[in-house]
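Along the sequence shown, residues are numbered consecutively beginning with 1. Note that this is a predicted model, so its numbers are computed, not measured. First listed ligand is number 1; within each ligand, the first listed atom is number 1. Reckoned from all heavy atoms, side chains included, excluding hydrogens, waters and symmetry mates.
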Amino acid sequence: MALVNENFTKLAPSYLFSDIAKKVNAYKEAHPDKKIIRLGIGDVTQPLAPAVIEAMHKAVDEMASASTFRGYGPEQGYDFLRQAILDNDFTPRGIKLDIDEVFVNDGAKSDTGNIGDILAVDNIIGVTDPIYPVYIDSNVMAGRAGECRDGLWSNIVYMPCNDANDFTPSLPEERVDVVYLCYPNNPTGTVITRRQLKKWVEYALANDVIIMYDAAYEAYIQDDDIPHSIYEIEGAKKVAIEFHSYSKTAGFTGARCGYTIVPKEVTAKTDAGERVALNKIWLRRQCTKFNGTSYITQRGAEATYSPEGKKQIKETIAYYMENARIMREAFAEMGVKTYGGVNAPYIWVKTPKGMTSWEFFDALLAEANVVGTPGVGFGPAGEGYFRFTAFGQKEDCLEAMARVKAWLAK
Ligand code: PLP
C-alpha cells in the first residue's frame, strides 16, 4: 500500500489568489459595465526585449539543423551563460566566483523551493513575516515546520517586519540553522543596506547559520548603498546561497530562467560532525532531479547581458519604476503611508482608516474598481497592509490612483 507524504496534507490550499479572483469575478458579474484595474498579481506585462527575442530565434534555427542541433545540455547550465553571469552580475561588483558555483535553472521558485532537499529535516528555519510563501511551504512539505497554529508553524522562527521596526527584521533570539532573506523584498518592496546585511552575515558566521538569500528583484535597485548580492559582504561566501531570476529582471516569467549560486565554501554538518560542501551535494541533487533549462531559453538569458539587451532591459525596468513612482507619490498626496517602491517594483501600503487588509481589498474593489493584494495573505504580520505591483500599464496606474484619490476624499 502506498503511503502519502502527510506533510503535504498539513498545508492548507493556497487560497490567496483564488479568493481574490472569486471576489473580482463576483463583482464583475454584478457590475458588468465597470472597468477593473488589476495591480495585484506580481506578473510582468511588457514583452521580452528585442535582443532576447533575436537570440531565441537564432537558437531555434540552430535546432533546425543536425549540425547545430542541441539535445540534453549540462544540468547546471551551459558555460556560455554561466560565464556571462559571472562577467556581468559578479565580477564588476568585485565578487569572485568559480563557474561551477553557478547553477542555471528554470526560475527562482524551483530552487528556493528545492534547496531544502539537501538539508536535514531537523534544521530550525527562520523567516521574515510577511514572506514569499514558497520558503515556508517547501519546508512544511519537507516535514520541518511542525504544526500550524493560528497561521504560524510551531518549528519556524518568525521575524516580523512592520512599520515599528521599519521593515528591518531583528536577528533571531532563538536558535535557527537556516534563515531566508529576500531583498529587495516581496511583498513589502523594502530593501536592506550594506551595513544591515553585514550584521546578518556576521551573525551567520558567528552562529553557524546558512542564509538563503533571494535576490530575484536586485535589478530594481536604484540606490548605490543597497547591495545587489550578499557576496558583496565579506565572509558571505562561507554562509550564503543566493537565488537570482530573469523573471522580473527581463520578463522571463513565461520563458523561465534563473540561477543559484552555491559557493564551494558553504558547508553543513553531518550527524558525526563532519563538514560537507553543499556545492557538491546540490550538484548531485540537480544532476538527478533536473535536466537543465532549454538551450533556447539560455541563449535568451545570455542576450540580456549584450549591450543592446542591457539597454532594453533597463528601459523596461525604468517603465515599471515610473509606475512605482506614480503610485508612491499619489498615495503620499492622499496622506496614505507607503513603503517600498523606490528600489523594488512593489508598494506596500498601510491600509487607511484602520481597515484590515481584506476590508481594504473589498472597499477598493467596490469604490475604485481597483484590485491589489491583501498583505495578510503573505503572513500574519502583513495584516493592515496591502500590496500594489508596478508591473501594470502606466495609464492604468494613473487612472487607478485618480480613482483611489476620489474614493478616499469622499
Ligand atoms: N522569489 C521571489 C521573492 C518572488 O517574488 C518570485 C516570484 O514572484 C520568485 C522568487 C520566483 O520567480 P521565478 O520562479 O519566476 O524566477
Side-chain angles (χ1 to χ4, degrees), residues 14 16-17 20 38-46 48 52 77 81 85 89 102-116 127-139 159 161 167 169 179-192 211-221 226-230 240-261 286 290 292-294 297-298 300-301 304 313 316-317 320 324 339-341 343-348 372-373 375 377-379 382 387-392:
S14 173
L16 180 61
F17 289 104
I20 291 174
R38 292 165 194 271
L39 301 173
I41 292 180
D43 199 357
V44 294
T45 52
Q46 298 302 300
L48 289 168
V52 169
L81 178 55
I85 288 166
D89 290 346
V102 184
F103 294 84
V104 175
N105 60 32
D106 62 353
K109 190 186 224 178
S110 306
D111 283 8
T112 51
N114 289 328
I115 195 74
V127 295
T128 58
D129 173 20
I131 192 182
Y132 175 57
V134 170
Y135 314 145
I136 293 183
D137 290 0
S138 58
N139 279 292
M159 300 171 284
C161 294
F167 296 90
V179 167
Y180 289 77
L181 295 179
C182 171
Y183 290 105
N185 187 260
N186 177 18
T188 66
T190 56
V191 287
I192 195 164
I211 299 175
M212 300 295 179
Y213 196 75
D214 188 341
Y217 296 94
E218 64 80 17
Y220 288 82
I221 293 172
I226 307 298
H228 288 252
S229 163
I230 195 168
I241 291 176
E242 183 166 280
F243 306 92
H244 287 249
S245 169
Y246 296 96
S247 284
K248 310 297 161 65
T249 306
F252 275 60
T253 51
R256 310 301 307 144
C257 196
Y259 66 87
T260 299
I261 302 293
Q286 288 299 81
F290 182 61
T293 305
S294 87
T297 304
Q298 291 191 59
T304 65
I313 281 161
T316 305
I317 288 175
Y320 293 137
Y339 300 87
N343 292 290
Y346 295 114
I347 312 274
W348 191 241
T373 312
F378 299 99
R387 189 190 77 172
F388 288 98
T389 86
F391 291 126

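Interface atoms of ligand 1 facing Asn186, defined by a heavy-atom separation under 4.0 Å, are 3 (C), 4 (C), 5 (O). Close contacts between ligand 1 and Tyr135 involve ligand atoms 3 (C) [criterion: under 4.0 Å to a heavy atom]. Those atoms of ligand 1 with a heavy atom of Arg256 less than 4.0 angstrom away are 13 (P), 14 (O), 15 (O). Below 4.0 Å from some heavy atom of Gly107 lie the following atoms of ligand 1, by number and element: 14 (O), 16 (O). Those atoms of ligand 1 that come under 4.0 Å of a heavy atom in Ser247, given as number and element, are 13 (P), 15 (O), 16 (O). Within ligand 1, the atoms closer than 4.0 Å to a non-hydrogen atom of Lys248 are 7 (C), 8 (O), numbered from 1 in the order shown.
By the 3.5 Å distance cut-off applied to N or O atoms, Tyr132 is not counted among the residues near ligand 1. Considering backbone and side-chain atoms alike, Ser245 places an N or O below 3.5 Å from some N or O of ligand 1. Any N or O atom pair closer than 3.5 Å counts here, and Asp214 shares at least one such pair with ligand 1. At under 3.5 Å, a nitrogen or oxygen of Lys109, whether backbone or side chain, sits near a nitrogen or oxygen of ligand 1. The shortest N/O to N/O separation between Cys182 and ligand 1 does not fall below 3.5 Å.
In this structure, CG on Asn185 lies 12.5 Å from CG on Asn343, to the nearest 0.5 angstrom.
Proximity of Tyr217 to ligand 1, defined as any heavy-atom pair under 4.0 Å, is confined to the side chain (atoms from C-beta onward).
Within the 4.5 Å cutoff, no side-chain heavy atoms of Thr297 are placed close to those of Tyr246. When side chains are defined from C-beta on, Pro130 counts as touching Trp348, because their heavy atoms get closer than 4.5 Å.
For Phe378, the ring-ring contact (aromatic ring centres under 6.0 Å, His included) test picks out no residue, with sequence neighbours left out. Residues passing the side chain to side chain donor-acceptor pair (under 3.5 Å) test with Tyr220, sequence neighbours excluded: none.
The nearest pair of heavy atoms linking Pro169 to Met159 is CB-CB, 3.9 Å.
Using bins of under 30°, 30° to 60° and over 60° for the plane-to-plane angle, the ring pair Tyr183/Tyr213 lands in the tilted bin.
Residue Tyr259 forms a side chain to side chain donor-acceptor pair (under 3.5 Å) with just one option from Asp111, Asp89, Asn105, and that option is Asp89.
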